[in-house]
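Scroll down for the structure; my scribbles are underneath it.
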Amino acid sequence: MSDAPVLVPILGDQLTRDLASIRGRTKDDTVILMMEVWDEATYVKHHKQKIVLIFSAMRHFAEELRDAGWTVDYVKLDAKNNAGSFTGEVARAVEEYGPRAIHVVEPGEWRLREDFDQWADKFPCEVQILPDDRFISTQAEFDTWADDRKELRMEYFYRDMRRKTGLLMDGDKPEGGEWNYDSENRKPPKEGLSAPERPKFEPDAVTQEVIKLVEERFSDHFGSLEKFRWPVTRDEAEEAADAFFAERIECFGPYQDAMVAGEDDLFHSMLSTSINIGLLDPLELCQRAEKAYRDGKAPINSVEGFIRQIIGWREYVRRFYWNQMPHLQQANMLNAQRGLPEFYWTGETDMACLADSIRSTRENAHAHHIQRLMVLGNFALLAGLNPRDVQDWYLVVYADAYEWVELPNVAAMILYADGGKLASKPYAASGNYINKMSNYCSGCKYSPAKKTGEGACPFNPLYWHFMDRHRDRLEKNGRIGRIFSTWDRMGEEKQQDYLQSAEAFLETLVPASDGWARMD
Ligand code: FAD
Ligand code: DLZ
Ligand code: SF4
């Protein structure tokens, strides 16, 4: 065997001790390369907390690997010789170590895969790009499953994942008799609903150094750093998971779709930032959830709901992304052309539900699922915001955002830009839905009960404006087509009232200035 080592680049969302590229490797012939690079920190102008999270978690992980005896070449962003990109840094390391091979786990994003695919031609050594086996499904499995289906519904894929993992199975039947308890995940919040506070992790010296770096180098990026309290190590992430299983999972299911002003976490696990960078193993979390059910500590609707989000939605969007790229990025089936309104960045809007969701986004780099879907996403859909702007926004603002998970949720789930491959109907709702599922409306300048004109909740006329302008496409949809008979029964005058109210509201939207999402 040659003395030359194997070079193992580990990316910022691959912070897992038994990653496929190091599993089974010997320490004395391996050089691990970790890189803080300008290209990754700025390909969109990520929320400041996301950059802090990743750099701090990377630095801690490098220390953990060194303590375990690995050789780690760690390149800090402000290192003088920083090459600025993964490919540049790998070129520098190839020059320095003369490796006999490069072993890297596939990146989560298409743009990087295109770069990594060039490495075999660029570098004078063998290059192995390994599957990321931290996911439960495989791409081949999904692609075969998807091959002759016109519509790709998560539910059927999810059932296969249940069978594959054995989670919540009773022989070959679903535990409790149903595959899906979604209908028991929709309890409106009762007066004064609040959840136990999740553990918050005070920034240690490593995180503080990164905060300083980010404040200096990324001062024009969106978001505040004041409330940075995310787990940055495996131990912290496990503490966060322990608290979820001890204190919040019981109510997770019933209140999964509830929203309460100022209650930013409610009963959500708040674990996505840790799962997505590899600090927590998704399958282990699901097994813990199942145990809580079997031990009688959490009801089936909570546990099945949690497991569905992970081995259902999370797995599904990962595979959907790779199955549908690169065209998913350009998809715009509803021909939505309106630019993103400035208030998505400033939070300055009289619509209380949007203002609170954006405030949480700015302060925490997080908003929970139903805020992302039924407030921010619903508005983007109804107002006809163009998918590229909306995609950029979601990729920038959330600490858990990576294109493989953000893009299917934005393009396919909220904007229906893929024409219904992923979702059976657009998630469109009027003010009634938000009023039922939250306490936002009582503190809003608008009224959900008022349908048109001055003081009417803008979601009401926007809803009908959306339906009317997409009638040709949506009327044929069995799940939504029936609402057009309600529209027709309203009569011309009422319809015009709705359409004019919506137009008047849309006129008031101020488009976002350039420079928020991408470098000028
Ligand atoms: P919980 O409510 O506790 O759910 C448990 C876990 O399930 C999450 O940690 C997450 O890993 C997984 N999960 C739940 N829903 C989804 C989903 N729709 N897709 C994939 N995984 C899911 N999640 C991201 O991780 N990154 C994103 O960039 C992202 N963008 C989104 C954009 C839109 C428009 C929407 C509607 C959803 C998006 N989600 C994204 C999914 C979801 O909103 C977040 O995963 C969730 O809010 C994270 O908070 P939590 O850990 O408390 O989740
Ligand atoms: C998101 C991100 C950022 C902001 N910075 C880095 C970085 O400097 N170095 C790194 O290894 N990874 C970073 N990441 C995560 C990568 O962009 C991530 O690996 C891809 O998005 C693939 O999912
Ligand atoms: Fe949102 Fe409309 Fe309720 Fe205001 S009235 S909080 S805009 S749903």
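Just follow the structure's listing: the first ligand is 1, and inside any ligand the first atom is 1.
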> Among side-chain atoms of Ser85 and Trp38, is any donor-acceptor pair under 3.5 angstrom?
Replying inline: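 There is no such pair (donor and acceptor under 3.5 Å, judged by atom type) between the side chains of Ser85 and Trp38.
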>> Less than 2.8 Å away from atom 2 (Fe) of ligand 3, how many protein N/O/S atoms can be counted, ignoring water?
In response: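 For atom 2 (Fe) of ligand 3, the figure is 1.
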> Given Glu40, Met58, Glu89, Glu109, which one has a non-hydrogen atom that is nearest to atom 4 (C) of ligand 2?
Replying inline: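 Of the listed residues, Glu40 has the closest heavy atom.
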>> Tell me whether the count of non-hydrogen atoms from other residues, nucleotides or ligands lying under 6.0 Å of NZ in Lys297 goes above 12.
In response: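 No, because the 6.0 Å sphere around NZ of Lys297 holds 12 heavy atoms or fewer from other groups.
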[X] neighbourhood, listing ligand 2 atoms whose heavy-atom distance to it stays under 4.0 Å:
{"X": "Glu36", "value": "8 (O)"}
{"X": "His46", "value": "4 (C)"}
{"X": "Phe86", "value": "9 (N), 10 (C), 11 (O), 12 (N)"}
{"X": "Ala41", "value": "4 (C)"}

> Closer than 4.0 angstrom: is that true for some heavy atom of Tyr398 and an atom of ligand 1?
Replying inline: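 No, that is not the case, since the closest heavy atom of the residue is not under 4.0 Å from the ligand.
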> Strictly under 4.0 Å, does any heavy atom of Ala367 approach an atom of ligand 1?
Replying inline: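 Right, Ala367 reaches ligand 1.
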> For Glu363, which of Arg229, Lys227, Lys48 qualifies under salt bridge (Lys or Arg N to Asp or Glu O under 4.0 Å)?
Replying inline: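 Between Glu363 and the candidates, salt bridge (Lys or Arg N to Asp or Glu O under 4.0 Å) is satisfied uniquely by Lys227.
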Any nitrogen or oxygen of [X] lying under 3.5 Å from a nitrogen or oxygen in ligand 1? Just yes or no.
{"X": "His366", "value": "yes"}
{"X": "Met270", "value": "yes"}
{"X": "Trp313", "value": "no"}

> Do any heavy atoms of Arg111 fall under 4.0 Å from ligand 2?
Replying inline: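 Contact check Arg111 vs ligand 2: positive.
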> Are Phe459 and Tyr433 close enough that their ring centers fall under 6.0 Å?
Replying inline: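 Not close enough - the centres of the two rings lie 6.0 Å or further apart.
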>> Within the 4.0 Å heavy-atom shell around Phe252, which atoms of ligand 1 are there?
In response: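 Going through ligand 1 atom by atom, the ones under 4.0 Å from Phe252 are 1 (P), 2 (O), 3 (O).
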> Quick one: which ligand 1 atoms are inside 4.0 Å of a heavy atom on Ser272?
Replying inline: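 Those qualifying, in numeric order: 9 (O), 25 (O), 48 (C), 49 (O), 51 (O).
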> Tell me, which protein residue and heavy-atom name are nearest atom 19 (N) of ligand 1, and how many Å apart are they?
Replying inline: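 Among all protein heavy atoms, the one nearest atom 19 (N) of ligand 1 is Asn409 ND2, 3.2 Å.
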